[in-house]
Amino acid sequence: MWQLWMNLLLAARTGWEGLRQWSGDAAYETYVRCAMRNGDAGLLTREQFYVEQLNRKYSRPNRCC
């Protein structure tokens, strides 16, 4: 019975992490992991990262309409 609960907990955690990755909610955590792995000393704060993402998203030309 204990193993069943552990498997359900693992499945729920994996599903939650997958949903966060898919929605972009975990983008900052992914950035920090990648920067730490590459030895980047100048990490952005969460707020700076968010502003940078917005600038990157809206600085491109929009071809709509």
Side-chain angles (χ1 to χ4, degrees):
M1 186 66 164
W2 179 254
Q3 188 64 31
L4 175 64
W5 284 109
M6 293 304 291
N7 286 342
L8 286 174
L9 181 63
L10 180 62
R13 184 176 294 151
T14 302
W16 181 250
E17 287 300 316
L19 181 63
R20 288 188 72 229
Q21 289 290 335
W22 174 79
S23 70
D25 188 45
Y28 182 72
E29 288 85 3
T30 303
Y31 158 74
V32 169
R33 273 192 307 250
C34 183
M36 297 293 274
R37 189 172 42 240
N38 293 331
D40 188 11
L43 286 176
L44 299 174
T45 65
R46 189 177 293 271
E47 291 80 16
Q48 291 169 331
F49 178 78
Y50 177 71
V51 169
E52 181 67 29
Q53 291 293 93
L54 286 177
N55 289 337
R56 187 177 309 137
K57 180 178 181 179
Y58 291 113
S59 67
R60 295 185 300 233
N62 187 355
R63 303 287 187 234
C64 179
C65 305

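Keep in mind the model is a prediction, meaning the values are calculated, not measured.
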May I ask whether Leu8 and Met1 are part of the same hydrophobic cluster, defined by side-chain heavy atoms of I, L, V, M, F, W, Y residues being less than 4.5 angstrom apart, directly or through others?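 Yes: a chain of side-chain contacts under 4.5 Å links Leu8 to Met1.
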[atom1]-[atom2] distance between [X] and [Y], expressed to the nearest 0.5 angstrom:
X	Y	atom1	atom2	result
Trp16	Gln21	CH2	CD	12.5 Å
Gln48	Tyr28	CD	OH	8.0 Å
Asn38	Arg33	CG	CZ	13.0 Å
Thr14	Leu9	OG1	CG	9.0 Å
Leu54	Phe49	CG	CZ	10.0 Å

Taking the basic N atoms (NZ, or NE/NH1/NH2) and the acidic carboxylate oxygens, is any pair closer than 4.0 Å for Arg46 and Glu29? yes
With a 4.5 Å heavy-atom cut-off, do Leu43 and Met36 have their side chains touching?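 Leu43 reaches Met36 side chain to side chain.
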Does the side chain of Leu44 reach to within under 4.5 Å of the side chain of Tyr50, using non-hydrogen atoms?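 Leu44 does not reach Tyr50 side chain to side chain.
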